[in-house]
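Written below as C-alpha cells is the structure these notes are about.
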Protein chains: 4
Amino acid sequence: MSGINKVILVGHLGKDPEVRHLDGGVTVASFPLATSETYNKEGKRIEQTEWHNIVLWRGLAEVASKYLQKGKLVYIEGKLRTRSFEDKERVKKYVTEVVAENFTLLGRKSDFENTPVAAATPKHENDYVEPEDNATGDLPF
Amino acid sequence: MSGINKVILVGHLGKDPEVRHLDGGVTVASFPLATSETYNKEGKRIEQTEWHNIVLWRGLAEVASKYLQKGKLVYIEGKLRTRSFEDKERVKKYVTEVVAENFTLLGRKSDFENTPVAAATPKHENDYVEPEDNATGDLPF
Amino acid sequence: MSGINKVILVGHLGKDPEVRHLDGGVTVASFPLATSETYNKEGKRIEQTEWHNIVLWRGLAEVASKYLQKGKLVYIEGKLRTRSFEDKERVKKYVTEVVAENFTLLGRKSDFENTPVAAATPKHENDYVEPEDNATGDLPF
Amino acid sequence: MSGINKVILVGHLGKDPEVRHLDGGVTVASFPLATSETYNKEGKRIEQTEWHNIVLWRGLAEVASKYLQKGKLVYIEGKLRTRSFEDKERVKKYVTEVVAENFTLLGRKSDFENTPVAAATPKHENDYVEPEDNATGDLPF
DNA sequence: TTTT
DNA sequence: TTTT
C-alpha cells in the first residue's frame with residue numbers, strides 16, 4: 001500500500017549548489033542546508049544546527065542552480081531517500097538525502113535583486129477560469 | 001515574495017465525490033472529509049470531528065472520482081483557498097476549501113481490491129537511471 | 001479513529017496581533033496572515049494572495065503578542081477549525097481559522113533587533129544527555 | 001535564526017518497537033518504518049520502499065511501546081537528526097534518524113480493539129471554554 | 001490587510 | 001558549511 005514520505009525544511013544553504021550533468025543529459029544539483037533550532041537550557045540560549053543533504057533533479061536542478069546561493073534562506077519540500085555507495089576504500093556506506101520536489105526562496109526584497117523570482121514548480125490548477133496548466137515548467141516568470 | 005500555503009489531512013470521506021464538468025471541459029470533484037481527534041477530558045474520552053471541503057481539479061478530479069468513495073481513509077495534501085459566492089437570497093458568503101494537489105488512499109489491502117492503486121500525482125524524478133518523467137500523468141498504474 | 005489535520009503556512013502578518021483576555025484568564029491572540037503565490041500566465045507575472053485567520057491560545061498567544069508585528073514573515077503550524085457564530089443581524093455564519101500550535105519568525109537579523117528570538121513552543125526531547133524537558137515553556141530564551 | 005526541520009511519514013512498522021531505559025530513567029524506543037511508493041514505469045507497476053529509522057523519547061516512547069507493533073500503519077511527525085557513532089571496528093559512521101514528536105495509529109477500527117486509541121501528544125488548546133491544558137500528558141484516553 |  |  002502507498003505511504004507518505006515528506007520532508008519540510010526552512011534553512012540556509014551552506015554552499016552554492018553543485019551541478020552535475022549525467023549521461024543522457026539529466027541535471028542534478030546538490031547542496032548542504034542548515035536548519036537551526038534555538039532553545040533555552042538552564043538560562044542559556046543554545047543553538048543546535050542540523051545539516052541536510054539536498055538533491056534536486058532535472059528542471060528543479062536548473063532553477064536551483066540559477067537562483068540559490070550560499071547563505072540564502074529557502075523553504076524546501078521533498079522526500080527522504082537513503083542510498084548506499086562505496087567509498088574510496090570500497091567500504092559500503094549509507095547516506096540519507098532529501099530529494100527536493102519543490103522549493104521557494106524566502107527573505108527580503110533586497111535578497112532578490114539579482115534573482116528576480118524564486119518559486120519553483122508552481123501549482124495552481126485551481127482557478128475556475130484557467131483553461132490549461134501553466135506550460136512554462138519550472139520557471140515561474 | 002512567495003509564501004507557503006500547505007494543508008495535510010488524513011481522514012474519511014463523508015460522501016462520495018461529486019463530479020462536475022465545467023464549460024471548456026474542465027473537471028472538478030468535491031467531497032467533505034472528516035478528521036477526528038480523540039482526547040481525554042476529566043477522564044472521559046472525547047472525540048472531536050472537523051469537517052473540510054475538499055476540491056480537486058482536472059486529472060486529480062478524474063482519479064478521485066474513480067477511486068475515492070464515502071468512508072474511505074485518505075491522505076490529502078493541498079492548499080487553503082477562501083472564496084466568496086452569493087447564496088439563494090443573494091447574500092455574499094465565504095467558504096474556505098482545501099484545494100487538493102495530491103492524495104493517497106490509505107487502509108487495508110482488501111480496501112484496494114477493486115481499486116488497484118491509489119497514489120495520485122506521483123513524483124519520482126529522483127532515480128539516477130530514469131531518463132524521463134513519468135508521462136502517464138495522474139494515473140499511477 | 002484518529003486523523004490528521006495540519007496546516008503549514010509561511011507568510012506576512014497583515015496586522016499586529018489582536019489580544020484578548022477571556023474570563024478565567026485565558027489569552028487569545030489573532031491576526032490575518034497573507035500567503036502569496038507568484039506564477040506566470042501568458043508571459044505575465046501574476047501574484048495571488050490568500051488571507052488566513054490565525055488564532056493562538058494561552059502561552060502561544062502571549063509570545064505572539066510580544067514578538068509578532070504587522071509585516072513580519074512567519075512560519076506557522078496549526079490546524080483547521082471551522083466555527084459558527086451569529087453576526088449583528090443574528091444570521092448564522094461560518095468562519096474557518098487556523099489554530100496555531102507553533103510558530104517561528106523568519107527573516108533577517110535586523111528584523112530581530114527588538115525581538116531577540118522567535119521560536120515558540122520549542123521541542124527538543126531528543127538529546128541523549130538531556131535529563132528533563134525544557135521547563136521554561138514558550139519563551140525560548 | 002531559527003529554521004524548520006519537519007518530517008511527515010505514513011507507513012508500516014517493520015518490527016516491534018525496541019525499548020531501552022537509559023541511565024537517569026529516560027526511555028527511548030526505536031523501530032524501522034517502511035514508506036512505499038507505487039508508480040508506473042513503461043506500463044509496469046513498480047513499488048519502491050524506503051526505510052526510516054524512527055526514534056522516540058520519554059513519554060512518547062512509553063506510549064509507542066504499548067500501542068505500536070510490527071505491521072501497524074502509523075502517521076509520524078518528527079524531525080531529522082544525523083548523528084555519528086563508532087561501529088565495532090571503531091570506524092566512525094553516520095546515521096540519519098527521524099526523531100518522532102507525535103504519532104497517530106491509522107487503520108481499521110478492528111485494529112484498535114486491544115489498543116483503544118492512538119493519538120499521542122494531543123494538542124487542543126483551542127476551545128473557548130477549556131480552562132486549562134489536558135494534564136494527562138501523552139496518554140490520550 | 002502583508003510582502004516582493 | 002548557513003544563519004541569528
Side-chain angles (χ1 to χ4, degrees), chain A residues 9-18 30-40 44-54 67-76 98 103-119 122 140-141, chain B residues 1-5 82 94, chain C residues 9-18 30-40 44-54 67-76 98 103-119 122 140-141, chain D residues 1-5 82 94:
Chain A
L9 305 172
V10 176
H12 293 90
L13 280 80
K15 294 183 185 172
D16 285 348
E18 190 180 307
S30 60
F31 56 82
L33 187 86
T35 57
S36 299
E37 187 179 7
T38 308
Y39 64 94
N40 181 23
K44 284 169 63 182
R45 186 176 157 184
I46 299 194
E47 180 173 288
Q48 193 174 323
T49 296
E50 189 69 35
W51 287 97
H52 311 271
N53 304 305
I54 312 295
Y67 299 109
L68 299 186
Q69 293 129 38
K70 178 177 174 172
K72 293 287 185 194
L73 181 66
V74 68
Y75 167 95
I76 290 179
V98 174
F103 73 83
T104 299
L105 251 179
L106 302 173
R108 286 246 183 130
K109 190 173 187 175
S110 57
D111 290 343
F112 296 88
E113 269 155 19
N114 296 314
T115 56
V117 148
F141 46 84
Chain B
M1 205 213 55
S2 278
I4 301 301
N5 174 359
T82 299
Y94 294 87
Chain C
L9 304 173
V10 176
H12 293 90
L13 279 81
K15 294 183 185 172
D16 285 349
E18 191 180 306
S30 60
F31 55 82
L33 186 86
T35 57
S36 299
E37 187 179 7
T38 309
Y39 64 95
N40 182 21
K44 284 168 65 181
R45 186 176 157 186
I46 298 195
E47 180 173 291
Q48 194 174 323
T49 296
E50 189 70 34
W51 287 95
H52 311 271
N53 304 307
I54 312 295
Y67 299 110
L68 299 186
Q69 293 128 39
K70 178 175 174 173
K72 293 287 184 195
L73 182 65
V74 67
Y75 167 94
I76 290 178
V98 174
F103 73 84
T104 299
L105 251 178
L106 302 173
R108 288 248 183 126
K109 190 172 187 176
S110 57
D111 289 344
F112 296 89
E113 269 157 16
N114 295 315
T115 57
V117 147
F141 46 82
Chain D
M1 204 213 55
S2 278
I4 302 299
N5 173 0
T82 300
Y94 294 87

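All chains are named by letter (A, B, ...) in the order of the sequence lines, taking the proteins before the strands, and each is independently numbered beginning at 1. Note that the structure is predicted; figures quoted are calculated from it, not measured.
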To the nearest angstrom, the CG-C1' distance between A:L68 and F:dT3 comes to 15 Å
What nucleotide among E:dT1, E:dT3, F:dT2 has an atom nearest to a side-chain atom of A:H12?
F:dT2
I need the CG-P distance between B:N5 and E:dT3, as an integer number of Å.
18 Å
What is the distance, rounded to the nearest whole Å, between atom CG of C:L13 and atom P of E:dT2?
11 Å
With heavy atoms under 4.0 Å as the rule, sort C:G11 into base, sugar-phosphate or nothing.
nothing
Whole-Å distance, A:E47 CD to F:dT4 C1', equals 6 Å
Looking at the side chain of C:W51, which of F:dT2, E:dT1, E:dT4 is the nearest nucleotide?
E:dT1
Take A:T104 and B:I4 through the test side chain to side chain contact (heavy atoms under 4.5 Å, CB included) and record every step on the way to the result.
CA-CA 8 Å; A:T104 299; B:I4 301 301; 3.8 Å; yes
Does a side chain donor of either C:T49 or C:S36 reach within less than 3.5 Å of an acceptor in the other side chain?
yes
Closest approach of A:L68 and A:P17, non-hydrogen atoms and distance?
O-CD, 3.1 Å
Using whole Å, report how far CD of C:E18 lies from C1' of E:dT1.
13 Å
Hey, is the main chain of A:K70 close enough, under 3.5 Å, to the side chain of A:D16 for a donor-acceptor pair?
yes
In whole Å, what is the span from the CD1 atom of D:I4 to the P atom of F:dT2?
21 Å
Report yes if a donor N or O on one partner sits less than 3.5 Å from an acceptor N or O on the other, where the partners are the side chain of A:T49 and the base of F:dT2; otherwise report no.
yes
Spacing of A:L73 atom CG relative to F:dT4 atom C1', expressed in whole Å:
11 Å
Nearest to the A:A34 side chain among F:dT1, F:dT2, E:dT4, which nucleotide is it?
F:dT2
Rounded to whole angstroms, how far apart are CG on A:D16 and C1' on F:dT2?
12 Å
Report yes or no: does A:E50 contribute a side-chain atom to a donor-acceptor pair with the main-chain N or O of A:A34 at less than 3.5 Å?
no
Selected nucleotide, minimal atom distance to A:S36 side chain, candidates E:dT4, E:dT1, F:dT2:
F:dT2
